[in-house]
Amino acid sequence: MTIAQQLKIKEFPFIIKDADGKEIYREWSDGVWSKREWAGGEMIRYENSNGYWVKWEWVYGEVIYRENSNGVINDYRPKTDIQKAIDLLTKEGLLVNGNTLIQRTKL
């Protein structure tokens, strides 16, 4: 049972806002709903009754990471030198499933 159904709401869309006035829940007359979570003024999670969700990480008002239930990931977080090396080796085909294809030679 949805929130509006439990409360026997008759006017739609039914909207709940937090203390800052940000929408955290919305429901339509057909029972479809969506939820939002906020932190520091930024939306950090969204989900709906169809099973779709998306989450974000923010730094100084900029999205640094986004992932959704369709498997799409956008990662803009700063990388360490080791992460950069792993990315480069993988891109060049020298690192596959965590194993290097580089052969060591004796000096």
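When hydrophobic clusters are built by joining Ile, Leu, Val, Met, Phe, Trp and Tyr residues whose side-chain heavy atoms come closer than 4.5 Å, directly or via intermediates, Tyr52 is grouped together with Val63.
Formation of a donor-acceptor pair under 3.5 Å by the Asp30 side chain with backbone atoms of Val32 is found in this model. A donor-acceptor contact shorter than 3.5 Å is absent between the side chain of Gln5 and the backbone of Gly31. Between the side chain of Trp56 and the backbone N or O of Tyr46, no donor-acceptor pair lies under 3.5 Å. Looking at Asn70, its side chain never comes within 3.5 Å of a backbone N or O of Val72 through a donor-acceptor pair.
Between Glu42 atom CD and Ile44 atom CD1 the span is 10.5 Å, to the nearest 0.5 Å. Note that CG of Asn50 is 4.5 Å distant from CG of Asn48, once rounded to the nearest 0.5 Å. Taking CG of Leu95 as the reference point, atom CG of Leu88 lies at 10.5 Å (rounded to 0.5 Å). Between the CG atom of Asp18 and the CD atom of Glu23 there is a distance of 10.0 Å, given to the nearest 0.5 Å. How far CZ of Arg45 is from NZ of Lys35: 9.0 Å, rounded to the nearest 0.5 Å. Taken to the nearest 0.5 Å, the CD atom of Glu67 stands 4.5 Å off from the NZ atom of Lys55.
Summarising the geometry of Met43 relative to Trp38, their closest heavy-atom pair is N-CE3, 3.3 Å, with the distance given to 0.1 Å. Contact detail for Pro78 and Gln83: the closest heavy-atom pair is O-OE1, 4.1 Å. The shortest non-hydrogen separation linking Ser69 to Gly51 is OG-O, 3.8 Å.
The closest side-chain heavy-atom distance from Ile3 to Tyr25 is below 4.5 Å.
For Glu11, the CD atom counts as loosely surrounded, since its 6.0 Å shell holds 12 or fewer non-hydrogen atoms of other residues, nucleotides or ligands. For CD1 of Ile73, the number of neighbouring non-hydrogen atoms (other residues, nucleotides, ligands) closer than 6.0 Å is greater than 12.
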Task: Trace of the side-chain contact (heavy atoms from CB on, under 4.5 Å) decision for Glu47 with Trp33 - done: CA-CA 9 Å; Glu47 68 178 290; Trp33 55 261; 3.9 Å; yes
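By the side-chain contact (heavy atoms from CB on, under 4.5 Å) test, Ile9 is found to be paired with Ala4, Leu7, Phe12, Phe14, residues two or more places apart in sequence or in another chain being considered.
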